[in-house]
Number of protein chains: 2
Amino acid sequence: MSKKVAVLVVNPVNGYGLFQYLETFENGIGYNTFAVSDSPHIKTNSGIALTADDVISNLKGHEDEFDALVFSCGDAIPTFQQHANEPYNITLLDVIKTFAEKEKMLIGHCAAGLLFEKAGVTKGKTIAIHPMAKPAIQTGNATDQPYEVDGNFYTAQTEHNLAQLMPHLLKALKN
Amino acid sequence: MSKKVAVLVVNPVNGYGLFQYLETFENGIGYNTFAVSDSPHIKTNSGIALTADDVISNLKGHEDEFDALVFSCGDAIPTFQQHANEPYNITLLDVIKTFAEKEKMLIGHCAAGLLFEKAGVTKGKTIAIHPMAKPAIQTGNATDQPYEVDGNFYTAQTEHNLAQLMPHLLKALKN
């Protein structure tokens, strides 16, 4: 039986990255999208309005309903620090931590590894990450590879490398 | 000076394809999105609600404001024939025809070439197209290549081949 995925969608989100996951998951993988925001009505980097299934506050406490977490990166992240105290961003780090503690799959591209690091779950984990975010990784082992698979961590350097990660991801999600 | 693009978004649209264009165009290319629908509120193949800038009926008569047309394919197209008489689909073919007559750039992936064929503008043009749609191309020259550039026609076989077409497209749009 295939696994079920919680897809976290930041605001604004890189649509190219987000829809590589979602169109791939149409291939038999169940998922729900959760806006990392107070509202499910968010925007892409390009300014296109889109609506997620739900908001991240409604994922908290329901982590056991999912087997894997996708962190879908976007233009929200370069300014993350200015909004780090927003309840939705505090919940974001809590939810990542819970998925990691339960050894569920953690998946993401671009600065996903940075958020995994901030959540305190990257110790001993090898991750691919955007070159600009790489210096911030102190606990995890950040590489210059297009993608990395290390145990339950699946990361790609940017949205342009996701296509290379996807076959590995799909295989794991279908098991 | 870079060119301005009218992006036609079918309903439902393949988000992976659509956002490859839009995220790439963030790189200095102006564009507007037009839903091929009565309403700008449409969906992706994955069922995510999104809102285009406008609807296609408001592009008709304003073709001269744009230098290029993108046809962003999606799950609307396998059932196109059942909805061929909807005003938005009649306008779709009219708009494609006008862009072609004015020798503006025609761009698209998957079944885009099929719509260009239906609009009657593919004579003598070499186009890449989804293998399932290839037999329907009688006037144009459909190939099995991942992408084709032929004069003002830029086509990719599927959304998975768009990344290969994109550098050629970007170069032409920036001229």
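Letters A, B, ... mirror the listed sequences (proteins, then strands); counts begin at 1. Worth saying up front: this structure is predicted, and the values here are computed from it rather than measured.
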Original post:
If you check every heavy atom in residues 137-146 of chain B against those of chain A, which residues fall under 4.5 Å?
Top reply: none

Original post:
Applying a criterion of heavy atom separation less than 4.5 Å, what residues of residues 69-82 of chain B form contacts with chain A?
Top reply: none

Original post:
Is the count of non-hydrogen atoms from other residues, nucleotides or ligands lying under 6.0 Å from B/Lys97 atom NZ greater than 12?
Top reply: no

**OP:** For chain A, find its close neighbours in residues 14-30 of chain B: heavy-atom separation under 4.5 Å, sorted by number, or none.
**Re:** B/Asn14, B/Gly15, B/Tyr16, B/Phe19, B/Gln20, B/Leu22, B/Glu23, B/Glu26

Subject >> A/Val13 versus chain B, the contacting section by heavy-atom distance below 4.5 Å >> reply: backbone

Subject >> Residues in residues 36-59 of chain B near chain A [non-hydrogen atoms, under 4.5 Å] >> reply: B/Thr44, B/Asn45, B/Ser46, B/Ile48, B/Ala49, B/Leu50, B/Thr51

**OP:** Might you confirm whether atom CD of B/Glu103 has over 12 heavy atoms from other residues, nucleotides or ligands at distances under 6.0 Å?
**Re:** no

